[in-house]
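In this text the structure is predicted, and so the values were computed from the model without any measurement. Scope of the values below: all heavy atoms of this structure, side chains included, with no hydrogens, waters or symmetry mates. Remember, it's 1-based here, ligands and their atoms both numbered in the order they're listed.
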Amino acid sequence: MSYIDLSNINNALIVGAGHGIGLAFCEEILKLNPQIAMHATYRREEKANKLFDLKKSFSNLSIYQVNPVNEAEVINLKTKSKIQKINLLINCIGTLQDDTVSPERSLREIDISKLQHYFLINSSITPLLAKHFKDCFRGKHSSCFAAISAKVGSIDDNSLGGWYGYRASKAALNMFIINISIEFKRSAPNSVVLAIHPGTTITELSEDFIQNTNLKLHKPNQTAENILNIIKNKDPKQTGQFVSWDQSNITW
Ligand SMILES: NC(=O)c1ccc[n+]([C@@H]2O[C@H](COP(=O)([O-])OP(=O)(O)OC[C@H]3O[C@@H](n4cnc5c(N)ncnc54)[C@H](OP(=O)(O)O)[C@@H]3O)[C@@H](O)[C@H]2O)c1
């Protein structure tokens, strides 16, 4: 029996759902639970066409343009969504390469402002969401708070080096997840807080890095399905874990 019955939960909030894995979560959750009160955020309008199309088919999907690095926008999201008790919140925001950063190959490429950007986007948003949505987890209902991390953020698993900012910012995210899980245990004893490695997934984030990879490649909807299967089978005793798409635990 699943701990969180995703086909029956009342609501879910996917942060960073304009495309990629976040969008796939919205699609897969709505397939499982067409009546759910589904909330989803995007930042760049020009990339969110598929989310806008999904909204046309589901009147129960509410979408919000939010840039969660701005705390006022997170507060506004909380107010506008009117969520009181939440069952599922997944933060899918992350960057590997953008106009500001590209993954460092060596110490020569270390740059303070670029490191700050990695930490801002990949680490800080999750505790900010936890801060403002914590009261929606309060009580005895079953719930899950998750962030999409990355296996390369595992300190134990790092044998290749490189990608300083991305690796370190995901390792910091993992520490935030442990902390959040400890704090949530007190007020939300039936919550499960997880850092999840999605597996290598064909998205905008990975497209420049997967041409010659030997890693198994997943489509975003396969990834979302894999992760939802993990979430539904976790119980509160397993809170504060770093889990891989294939259900294995990753060492920190
Ligand atoms: N794809 C993979 O193989 C892989 C592997 C390991 C971990 N991950 C993790 O999976 C998560 C989802 O990534 P994805 O693969 O689905 O990539 P994606 O399609 O590129 O999605 C990235 C998300 O992050 C948001 N984002 C990026 N830069 C941002 C910024 N500066 N400020 C605010 N939001 C920003 C994007 O929002 P907008 O586009 O709306 O701005 C989008 O919602 C990320 O945390 C990533 O690190 C992915």
Side-chain angles (χ1 to χ4, degrees), residues 13-28 39-52 54 63-74 77 89-103 113-126 128-129 146-154 157-158 163 165-174 176-177 194-227 230 242-246 250:
L13 168 61
I14 305 299
V15 177
H19 49 93
I21 296 170
L23 172 68
F25 274 126
C26 292
E27 292 170 343
E28 292 303 315
H39 302 270
T41 79
Y42 64 97
R43 179 186 57 139
R44 289 178 298 171
E45 201 171 326
E46 67 277 16
K47 296 278 178 179
N49 288 336
K50 288 187 180 162
L51 182 65
F52 300 150
L54 192 65
I63 61 176
Y64 313 86
Q65 187 170 26
V66 178
N67 188 351
V69 300
N70 180 340
E71 187 162 6
E73 294 195 28
V74 175
L77 167 66
L89 189 163
I90 310 177
N91 177 21
C92 301
I93 288 178
T95 192
L96 173 58
Q97 175 173 263
D98 58 30
D99 294 346
T100 311
V101 290
S102 58
S113 61
K114 292 179 180 175
L115 288 177
Q116 284 173 336
H117 182 75
Y118 273 124
F119 281 96
L120 178 67
I121 306 305
N122 293 341
S123 321
S124 314
I125 292 172
T126 293
L128 195 63
L129 291 167
I148 306 304
S149 184
K151 193 175 181 186
V152 295
S154 162
D157 189 65
N158 184 2
W163 292 22
Y166 187 72
R167 283 183 186 277
S169 60
K170 290 293 190 181
L173 168 65
N174 292 347
F176 281 127
I177 282 290
L194 300 170
I196 300 175
H197 169 58
T200 308
T201 307
I202 306 158
T203 63
E204 185 180 309
L205 178 140
S206 64
E207 64 188 356
D208 289 346
F209 303 90
I210 53 180
Q211 278 82 16
N212 299 315
T213 184
N214 296 325
L215 296 170
K216 182 176 168 57
L217 294 179
H218 304 258
K219 292 186 176 150
N221 290 69
Q222 289 171 315
T223 292
E225 214 181 299
N226 291 336
I227 295 175
I230 290 174
F242 184 16
V243 204
S244 178
W245 65 273
D246 62 3
I250 302 175

Query raised in the report: Considering distance alone, does some N or O of Tyr166 sit under 3.5 Å from an N or O of ligand 1?
Result: yes
Requested in this report: Indicate yes or no for a side-chain donor-acceptor contact from Ser206 to the backbone of Thr203 under 3.5 Å, with no hydrogens or angles considered.
Outcome: yes
Requested in this report: Determine the interplanar angle of the Tyr166 and Tyr118 rings, folded into 0 to 90°, and report it as parallel if under 30°, tilted if 30 to 60°, perpendicular if over 60°.
Outcome: perpendicular
Report task. Determine, considering heavy atoms only, which of Thr223, Leu96, Ile93 sits nearest to atom 25 (C) of ligand 1. Result -> Ile93
Requested in this report: Return the option from Cys92, Gly94, Ala40 holding the heavy atom at the smallest distance from atom 11 (C) of ligand 1.
Outcome: Cys92
Report summary line: Per-atom filter on ligand 1: closer than 4.0 angstrom to a heavy atom of Ala150 are 6 (C), 7 (C)
Requested in this report: Report yes if Thr95 has an N/O atom closer than 3.5 Å to an N/O atom of ligand 1; otherwise report no.
Outcome: no
**Report entry** Any N/O pair Thr201/ligand 1 closer than 3.5 Å
**Finding:** yes
Query raised in the report: When rounded to the nearest 0.5 angstrom, what is the spacing between OG in Ser102 and CZ in Phe209?
Result: 7.5 Å
Query raised in the report: Any N/O of Leu205 closer than 3.5 Å to an N/O of ligand 1?
Result: yes
Query raised in the report: At a 4.0 Å cut-off, with the gap strictly under it, does some heavy atom of Gly199 reach an atom of ligand 1?
Result: yes
Query raised in the report: For ligand 1, which atoms, with element, lie under 4.0 Å from some heavy atom of Thr203?
Result: 1 (N), 14 (P), 15 (O), 16 (O), 17 (O), 19 (O)
Report summary line: So for Trp245 against ligand 1, with non-hydrogen atoms under 4.0 Å, the contacting part is neither
Requested in this report: Give the minimum heavy-atom separation between Thr41 and Gly16, together with the two atoms involved.
Outcome: OG1-N, 3.0 Å
Query raised in the report: In terms of residue, atom name and distance, what is the protein heavy atom nearest to atom 36 (C) of ligand 1?
Result: His19 NE2, 4.0 Å
Report summary line: For Gly20, the atoms of ligand 1 under 4.0 Å from one of its heavy atoms are 16 (O), 19 (O)
**Report entry** Taking atom 9 (C) of ligand 1 as the reference point, the nearest protein heavy atom with its distance
**Finding:** Ile148 CG2, 3.6 Å
Query raised in the report: Does ligand 1 have any atom sitting under 4.0 Å from a heavy atom of Ile121?
Result: yes
Query raised in the report: Do the side chain of Asn122 and the main chain of Thr95 share a donor and acceptor less than 3.5 angstrom apart?
Result: yes
Report summary line: For Pro198, the atoms of ligand 1 under 4.0 Å from one of its heavy atoms are 4 (C), 5 (C), 6 (C), 7 (C), 8 (N), 48 (C)
Report task. Using a strict cut-off of 4.0 Å, indicate which atoms of ligand 1 neighbour a heavy atom of Lys170. Result -> 44 (C), 45 (O), 46 (C), 47 (O)
Query raised in the report: Any donor-acceptor pair under 3.5 Å linking the side chain of Gln65 with the backbone of Tyr42?
Result: no
Query raised in the report: Any sub-3.5 Å donor-acceptor pair from Arg43's side-chain atoms to Asn67's backbone N or O?
Result: no
Requested in this report: Compare every heavy atom of Ser149 with every heavy atom of Pro198, then report the nearest pair and how far apart it is.
Outcome: CD-O, 3.5 Å
Report task. Can you sort out which atoms of ligand 1 are near Ile21, meaning under 4.0 Å from one of its heavy atoms? Result -> 10 (O), 15 (O), 16 (O)
Query raised in the report: Hey, is Phe209 one of the residues with a heavy atom under 4.0 angstrom from ligand 1?
Result: no
Query raised in the report: In ligand 1, which numbered atoms sit nearer than 4.0 Å to a non-hydrogen atom of Gly16?
Result: 43 (O)
Query raised in the report: Under 3.5 Å, side chain of Ser124 to main-chain N/O of Phe119, donor-acceptor pair present?
Result: yes
Query raised in the report: So, for Glu28 and Ala224, which heavy atoms are closest and what is the spacing to 0.1 Å?
Result: CG-CB, 3.8 Å
Query - Electrostatic pair Glu204-Lys47, nearest N-O below 4.0 angstrom - result: yes
Query raised in the report: Of all the non-hydrogen atoms in the protein, which one sits nearest to atom 41 (O) of ligand 1, and at what distance?
Result: Arg43 NE, 2.6 Å
Query raised in the report: In Å, rounded to the nearest 0.5 Å, how long is the span from CG of Asn91 to CZ of Phe176?
Result: 12.0 Å
Query raised in the report: Is the shortest distance from a heavy atom of Ala24 to ligand 1 less than 4.0 Å?
Result: no
Query raised in the report: How long is the gap from CG on Asn212 to CG on Leu215, to the nearest 0.5 Å?
Result: 11.5 Å
**Report entry** Those atoms of ligand 1 less than 4.0 Å from some heavy atom in Asn67
**Finding:** 32 (N), 33 (C)
Report task. Can you pull out the closest protein heavy atom to atom 7 (C) of ligand 1? Residue, atom name and distance to 0.1 Å, please. Result -> Ser149 O, 3.1 Å
Query raised in the report: Looking at Glu207 and Gln211, what are the two nearest heavy atoms and their distance?
Result: O-NE2, 2.9 Å
Query raised in the report: Where is the nearest protein heavy atom to atom 38 (P) of ligand 1: which residue, which atom, and how far?
Result: Arg44 NE, 3.6 Å
